[in-house]
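Below you'll find the structure, written out as structure tokens, and then a few comments.
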Amino acid sequence: MRKVFVNPAGQRDNLGDSVLRRPYLQSLRPLGELHVLVGSDADYASGLGLLPSDRTYASRREWLLSAVRAGLAGRLCFAANAGEVVGSFSEAARSAWQPILALAARARKGEVVLAGVSVRPGTSSRLTHLGILARLARVATWRDEATRDEVGIGVVQPDWAFAIDRSATIEQRAPRTMLAVAMRGDRPYPADAWFDAVTSLAKRLDLEITVVEQVRRDALRASELAARVIVCPSDIDQRGQEAAVRDHYRGCRAVISDRIHALIIGGTEGAVPIGVSTSNGEKIARTFSPVTEARVAPTAGEDDAERWNDLIADEHAVLGDLKAAQDAVAHVATTIASLRGHVQLVGSRD
């Protein structure tokens, strides 16, 4: 049996990091036995959707040695991590093992998968191993056009988090009585005009404003915002936290956030995603550009209230685009599964 090795590392307090990797891991299972480096953080691992049939590792050394043995036996499939990569010399040094495993897999007619990856805005793919991995991979997809254009190979797919099934269509949605706010704690504090715009939107739509602490390090910002609105804290493991957050978003008409996975999770639960930023909205724009032409991301100098009103007015089209994104990600998963039969592949150079 082919053995599929993947390290779904992410920020341990960031719900979005496990949400995007869970459907990615699911897409890899048809290729063989999944060998997952989960480390020692049970909270984070709880959100990955691991199955009893998956082989898990707490030790990186043990995981790498097992991958090498699989490579020597001609049974290795290497799946690079999905999500955001930081282009830097230090990150490249720490991940030098990746092209080695990829070369070992292809040398013995194994597979390499690179799907749903982006380079953090402001950093460069040249300071990563993505160019090498993309040229060794039989599937190479990126979650934004800027990364695809920089690397020069492969196709664009929506973020894996769009693959999570929506609870209901817009016609079937339960009454939406809330407006969710989820803001990063490592960005400048919103201006008074921002609070005025949030309050005005909530009043016009007759919605209760709530604050969602989706990433634990945002707790201080959530408590700061809660001095002016209502807070919904969470201190359970990631799978339980995700269930609570999704349940909350199902009662929300919209989600206002500068965290892309708050927008994606809210959107997949039928809440209109409204991207905001107190610094730079490039990451939101990059991630939503392959998904919708709606003005989800903020633009410098743009009137927030006008854009928010337009998004709410066009909610059927916006949520329809998110449904189409789910279908697009499902197609990528099907393409990965088709590696078993070596048919023509997304982003393949073969």
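These numbers come from the heavy atoms of this one structure, side chains and all, not from hydrogens, waters or symmetry mates. The chain is numbered in sequence order, starting from 1.
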Could you tell me whether the side chains of [X] and [Y] share a donor-acceptor contact shorter than 3.5 Å?
X    : Y    : result
N81  : R21  : yes
T268 : R246 : yes
S118 : R143 : yes

For [Y], is there any backbone N or O sitting under 3.5 Å from a side-chain donor or acceptor partner on [X]?
X    : Y    : value
Y44  : G10  : yes
S95  : Q98  : no
R184 : T278 : no
D54  : L51  : yes
T287 : I284 : no
W63  : H35  : yes
R286 : D144 : no
T128 : S125 : yes
R307 : V296 : yes
T335 : H331 : yes

Inset, instruction - Start with the C-alpha distance between R106 and R138, add both sets of side-chain angles, then the distance that settles side-chain contact (heavy atoms from CB on, under 4.5 Å), and finish with yes or no. - result: CA-CA 10 Å; R106 291 306 301 266; R138 295 180 67 83; 3.7 Å; yes

Would you say the side chain of [Y] lies within less than 4.5 Å of the side chain of [X], judging by non-hydrogen atoms?
X    : Y    : result
W142 : P290 : no
V113 : L31  : yes
I100 : L103 : no
R187 : R259 : no
I264 : F288 : yes
V139 : E111 : no
V276 : D304 : no
D159 : H261 : yes

Legend entry - Qualifying residue for salt bridge (charged side-chain N to carboxylate O under 4.0 Å, His left out) with R120, from E84, E91, E150: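 Result: among E84, E91, E150, E84 is the only option passing the salt bridge (charged side-chain N to carboxylate O under 4.0 Å, His left out) with R120.
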
Legend entry - Test side-chain contact (heavy atoms from CB on, under 4.5 Å) applied to E315 and R253, step by step: CA-CA 9 Å; E315 62 184 333; R253 182 83 178 272; 3.0 Å; yes

Are [Y] and [X] connected into the same hydrophobic cluster when the rule is that any two of I, L, V, M, F, W, Y join if their side-chain heavy atoms are below 4.5 Å apart?
X    : Y    : value
L76  : V68  : no
L48  : V329 : yes
V318 : L207 : yes
V156 : L130 : no
W194 : I209 : yes

So, for [X] and [Y], which heavy atoms are closest and what is the spacing to 0.1 Å?
X    : Y    : answer
G116 : W160 : CA-NE1, 3.7 Å
A294 : T292 : N-OG1, 3.0 Å
C252 : A271 : O-CB, 3.4 Å
A70  : K3   : CB-CD, 4.1 Å
G87  : L127 : C-CB, 3.7 Å
A134 : A140 : O-CB, 4.1 Å

Inset, instruction - Go through the steps to decide whether V272 and W308 satisfy the test side-chain contact (heavy atoms from CB on, under 4.5 Å), and finish with yes or no. - result: CA-CA 10 Å; V272 177; W308 299 359; over 6 Å; no

Inset, instruction - Would you sort out whether R60 and N7 count as a side-chain contact (heavy atoms from CB on, under 4.5 Å), showing the intermediate values? - result: CA-CA 9 Å; R60 178 185 293 270; N7 173 18; 3.8 Å; yes

Legend entry - Pair R250-D247, salt bridge (Lys or Arg N to Asp or Glu O under 4.0 Å): steps then yes or no: CA-CA 5 Å; R250 282 194 286 271; D247 182 66; 3.7 Å; yes

Inset, instruction - For R204, look at atom CZ and say whether over 12 heavy atoms of other residues, nucleotides or ligands are found less than 6.0 Å away. - result: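 Enclosed: over 12 neighbouring heavy atoms sit under 6.0 Å from CZ of R204.
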
Legend entry - CG on L15 to CG on L20, rounded to 0.5 Å: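 The distance works out to 10.0 Å.
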
